[in-house]
Amino acid sequence: MEGQVSTGYVLCRPPGHHAERSEGAGFCIFNNVAVAAAAAREVYGLKRICIVDYDVHHGNGTQHIFEGDEHILFISLHQDSNYPLHSGAVTEQGTGQGEGFTINCPLPPGSGTGAYKAAFERVVLPALEAFRPELVLVSSGFDASYADPLGAQILSSQDFRWMATQLKAIADRHCGGKVLAVHEGGYSEVYTPFCCLAVVEALAGTSSGIIDPFLHEVSNWGYQRLQNHQDAAISAAERPVALLKNKMQA
Ligand SMILES: [Zn+2]
């Protein structure tokens, strides 16, 4: 915010997005990304901050903290009916003044490259273009990777690299490239490092030269393509984007 760097990655533990205002949950004590958003509001007076959460679990804490606030757009892609159960339905779209500024896209278990690309192209990116963020915050969890013991999605490091590249491009267009990614879940000790490195490389615009030795195998799995039931879930999440667009035009 003070112009020293445009992009940051917060490699923190514990994660934060399940923490509510007054209690921890789901390995989280303090909601790190929410603290960052609140500081950007209080200290720097920003009026349009987005938080994109691609952790495999729903960011219930972040949603609840800001669901009544039209200045903070929260978008979550998560595995339908994982932890916390009964949280993050597509019908949860914000409350009061914040109605339209919460977007949930629950994806069926087994979602991979095609589903996440479609969700980004039809839900996340159009919402961000309409919102024109002054700061892009990311809840960067890697438990949607194919190797994660707590999730059932099948993403590769290349998919995380692609999502980070899209978010950086949004930030370049709207807010001088200001992206702050905050580490969330990711429980495969073997594979999380390759996914996180891919995001850091994408945000920094550099390459470490380190090769993901598992990429070829996972990216060639058959069900990486968008499936009909995944397409239907994404179509349902296009409706809240239409609501957001109406709110932004009002
Ligand atoms: Zn998680």
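Counting starts at 1 for both ligands and their atoms, following the listed order.
No salt bridge links Glu134 with Lys178; every basic N to acidic carboxylate O contact stays at or beyond 4.0 Å.
Put simply, Val5 and Val136 are part of two different groups of oily side chains (I, L, V, M, F, W, Y) that touch within less than 4.5 Å, one to the next.
The Zn ion (ligand 1) is closest to atom OD1 of Asp55 (considering only N, O or S atoms). Nearest N/O/S atom of Asp143 with respect to the Zn ion (ligand 1) is recorded as OD2.
Other residues sharing a hydrophobic cluster with Leu137 under the 4.5 Å side-chain heavy-atom criterion for ILVMFWY residues are Met1, Val10, Val33, Val43, Tyr44, Leu46, Ile49, Ile51, Ile65, Phe66, Ile72, Phe74, Leu135, Leu180, Val182.
Residue contact annotation: Glu184 places no N/O/S atom under 2.8 Å from the Zn ion (ligand 1). Metal site remark for the Zn ion (ligand 1): His57 contributes an N, O or S atom at a distance under 2.8 Å.
Aromatic ring centroids of Phe27 and Tyr187 lie under 6.0 Å apart.
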